Participant: 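Below you will find the structure I want to go over with you.
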Amino acid sequence: MTNKILLITGGGRGIGHCTAVLAAQRGWDVCVNYLSNSARADQTVALVRKYGARGLAVQADVSKEADIVRLFETCDRELGRLDGLVISAGIVGPRGRIDELTDVAGLEALWTLNITSTLLCSREAIRRMSTKHGGRGGAIVNLSSAAAHLGTPGVSVPYAASKAAVDAITWGLGQEVAGEGIRLNSVSPGIIDTEIQPPGRVAEMGPKLPTKRAGQPEEVAAPILFLLSEEASYIAAAKLHVSGAR
Amino acid sequence: MARLFATCDAELGPLDGPVNCAAVIGPRSRFDELTDMAGVLAMWQLNVAGTFMCCHEAVRRMSRRFGGKGGAIVNISSSAVAWGSTGVAVGYGASKAAIDTFTLGLGREVAADGIRVNARVPGIINTEMQPPGRIAEIGPTLPMGRAGRAEKVAAGILFLLSDAASYIAGARLQVHGAK
């Protein structure tokens, strides 16, 4: 039996990395992209191969349309026909109060990576997987955030806004393609212990959470793999919170 | 309810995870044409008070505050929370909204005591709860062109009970086929 093929943006680090490794254990071949840190992506691919799956790392800046198109084409050529996409690449963007915001370029970069890139990566996957385009169906998982409903005042309102946009994409685009064999869903993590967190935040916030601890990236990867699986065949355009009751 | 849990304790042993599936739709009609108010109250009693009492028994057995070993609870909500069940059974939608809020509140309250409380939110699923003919009528109009199967709702419940969901608490898992 041949493996299904999964592309994970931001698969070299954090939740994306854990998702790649777990996917390999569940019988997916995995393509990840990296922006500049090839060593990290190579580590992910090495672990994927250790579990007997095919792994591929492609340099691509997924905030650029041409790079996104090239990433998907490389995955087509090297691994084959796509079955799943996890959009894990994301940034927090400018932090702090809005009345003190000066980094407008950072704001533009945030919208581009967290929103525009999500739409363009989805577009490429839909063109390959939709039965409307001659595909055989598939599954997409977006990474949203609990910030989308918390709003994260004083800390990262722009990030929360970008993830609220992801939620709207999940709901709208999820309905758009549900009749074409594609299940598009999102997970909304709470505070997860990855390098996206500023130094000290996990230690500070962990004990204040309902669970008294931050989540581990493996605890987000497992729900992502569930949403990609056949077990979730009637789950579409849905948003799953993985936030420890936050 | 107390006897049910006591019998389960005696026959099977310490509880790890209750699933609150028991519910009814109750009298079906427009609100202004509703005559069977007793039927509505019975629906509230089963859907809301039943879940509430079941969770109470379960939390007192599983919570680390009470010497338990933790566990997971799955309540059953409904897409009717978002739709309102307009023209059919607005009371049913309201009863499931109560389940959502209860799941969130209790989920936060007991998260540190080793209990994960979540809700599974089905859309239109092909079970005997549906009136005759409704699945055949509505199925093709749904985004995925069909109603859901009970087996896949069960799979979602088992996922929420499993260790794969270890950081999922106070959450809603929609199994509604994009509607």
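Protein chains get the first letters and strands the later ones, always in sequence-line order, with residue 1 at the start of each. The structure presented is a predicted model; accordingly, all values stated were derived computationally and were not measured.
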Participant: Residue by residue, which of residues 90-115 of chain B have a heavy atom closer than 4.5 Å to a heavy atom belonging to chain A?
Facilitator: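 Listed by number: B:G107, B:R108, B:A111, B:A112.
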Participant: Between A:R26 (side chain) and A:V21 (backbone), is there a donor-acceptor pair under 3.5 Å?
Facilitator: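 Not a single qualifying donor-acceptor pair exists.
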Participant: For A:R13, does the CZ atom sit with more than 12 other heavy atoms under 6.0 Å from it, leaving out its own atoms?
Facilitator: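 Counting other residues, nucleotides and ligands, CZ of A:R13 stays at 12 neighbours or fewer.
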Participant: If you count every heavy atom of other residues, nucleotides or ligands that lies below 6.0 Å from A:K132 atom NZ, does the total exceed 12?
Facilitator: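 Result for NZ/A:K132: open.
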Participant: Does A:R54 use its side chain to pair, donor to acceptor, with the backbone of A:L79 at less than 3.5 Å?
Facilitator: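 Between the backbone of A:L79 and the side chain of A:R54 there is a qualifying donor-acceptor contact (under 3.5 Å).
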Participant: Side chain, backbone, both or neither: which part of B:L142 has a heavy atom under 4.5 Å from chain A?
Facilitator: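 Only the side chain of B:L142 comes within 4.5 Å of chain A.
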Participant: For the CZ atom on A:R136, are there more than 12 heavy atoms of other groups (residues, nucleotides or ligands in this structure) within a distance under 6.0 Å?
Facilitator: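 It does: A:R136 CZ has more than 12 such atoms within range.
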Participant: Taking the six-membered ring for Trp, are A:F226 and B:F159 parallel (under 30°), tilted (30 to 60°) or perpendicular (over 60°)?
Facilitator: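 Plane angle under 30°, so parallel.
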Participant: Any carboxylate oxygen within less than 4.0 angstrom of a Lys/Arg side-chain nitrogen, looking at B:D9 and B:R61?
Facilitator: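 A salt bridge links B:D9 with B:R61.
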Participant: Given that the side chain runs from C-beta out, which part of A:L22 has a heavy atom under 4.5 Å from chain B: side chain, backbone, both or neither?
Facilitator: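 No part of A:L22 comes within 4.5 Å of chain B.
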Participant: Under 4.5 Å heavy-atom distance to chain B, tell me which part of A:L225 shows up: side chain, backbone, both or neither.
Facilitator: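 The answer is neither part of A:L225.
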Participant: Do you know which of A:E219, A:H241, A:E180 has the most heavy-atom pairs with chain B at a distance under 4.5 angstrom?
Facilitator: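 Sorted descending by pairs with chain B, the first entry is A:E219.
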Participant: Can you tell me which of B:Q174, B:K179, B:R149 forms the most heavy-atom pairs within a distance under 4.5 Å of chain A?
Facilitator: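 With the most close heavy-atom pairs to chain A, the winner is B:Q174.
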Participant: Answer yes or no: is there a donor N or O on one side and an acceptor on the other, between the side chain of A:T44 and the main chain of A:R40, under 3.5 Å?
Facilitator: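 Side chain of A:T44 to backbone of A:R40: a pair is present.
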Participant: Is it the backbone or the side chain of B:R146 that comes under 4.5 Å from a heavy atom of chain A, or both, or neither?
Facilitator: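 Both parts, heavy atoms under 4.5 Å.
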Participant: Around B:R134, counting heavy atoms of other residues, nucleotides and ligands shown, do more than 12 lie under 6.0 Å from its CZ?
Facilitator: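 Result for CZ/B:R134: enclosed.
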